Each structure stands twice: as C-alpha cells, then as structure tokens.
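Have a look at the structure below, then the notes.
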Amino acid sequence: RALAKKMIDSDTLSSENAISHGYRLLTFRDIPRPKLNVLSKLYDEVALRYKADTVGLHALTEDKHATYELGAMTVVANALLNLDEVIMKE
C-alpha cells in the first residue's frame, strides 16, 4: 500500500502518470508503452470492481476510508513489485 500511496500522491493527473511514476521509483527507468498499457488496463478493471465492491476494497486496504483509486493502485503496485526487472534489478 505504501507504494500505491506514493504513486497516487505524486501530483499526477492520471492513473497512467501515477503508474509511470511508480515504475520509475522502482527501476529508475521510464516504463515501456506496452507495459504501461497493460497496467493501465489492469487499473481500470480493478477500479471498476472496487467501485462496486467496497467490502473487497476495505479487505484489501484494511482501511474503511480507502478509495477505489487506492485499491486499484494497490493492485497495480503489487504487479509492479512482481515484474522481473524489479525483482532482478536488471
């Protein structure tokens, strides 16, 4: 969740910018467009889910006041942390 909060709080105007910021924090590189597209789609799909499923959102974030944006960005942050280039520090 900490990475997701940093991504959201980075004064970005869009989820794509937040995702790009998170990738840069972890790899010190710009995110390739194909990866950004996949992660943006993931964000959009999860955001729609958590808009409708506040119980699931609160279970994920362990925060009754969490927004669906934080929930979606938490899932994306977890995906970023599992990328090969982050794990292997290529």
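Heads up: numbering here begins at 1 and tracks the sequence. Since the model is a prediction, treat every value here as computed from it, not as a measurement.
Taking K51 as the reference, Y68 meet the side-chain contact (heavy atoms from CB on, under 4.5 Å) condition, with sequence neighbours excluded. Evaluation of the side-chain hydrogen bond (donor to acceptor under 3.5 Å, both in side chains) rule for N37 yields R33 as partners, not counting sequence neighbours.
When all heavy atoms of V76 and M7 are compared, the pair lying nearest together is CG1-CE, 4.3 Å. Taking each heavy atom of S15 and D44 in turn, the nearest pair found is OG-OD1, 4.4 Å. The nearest pair of heavy atoms linking L57 to G71 is CD1-CA, 3.5 Å. A pairwise comparison of heavy atoms in A47 and A72 identifies N-CB, 3.6 Å as the closest pair.
Using a 4.5 Å cut-off on side-chain heavy atoms (C-beta onward), M73 and I19 make contact. Taking the side chain as every heavy atom from C-beta outward, I31 and L39 approach each other to under 4.5 Å. Within the 4.5 Å cutoff, the side chain of L80 has no heavy atoms near those of the L25 side chain. Residues Y43 and E69 have side chains in contact (heavy-atom distance under 4.5 Å, counting atoms from C-beta outward).
How far CG of L36 is from OG of S20: 4.5 Å, rounded to the nearest 0.5 Å.
A donor-acceptor pair shorter than 3.5 Å can be found between the side chains of E85 and Y23.
A donor-acceptor pair is defined here as one N or O able to donate and one able to accept, closer than 3.5 Å; such a pair exists between the side chain of T67 and the backbone of L70. Side chain of H21 to backbone of N17: no donor-acceptor contact under 3.5 angstrom is found.
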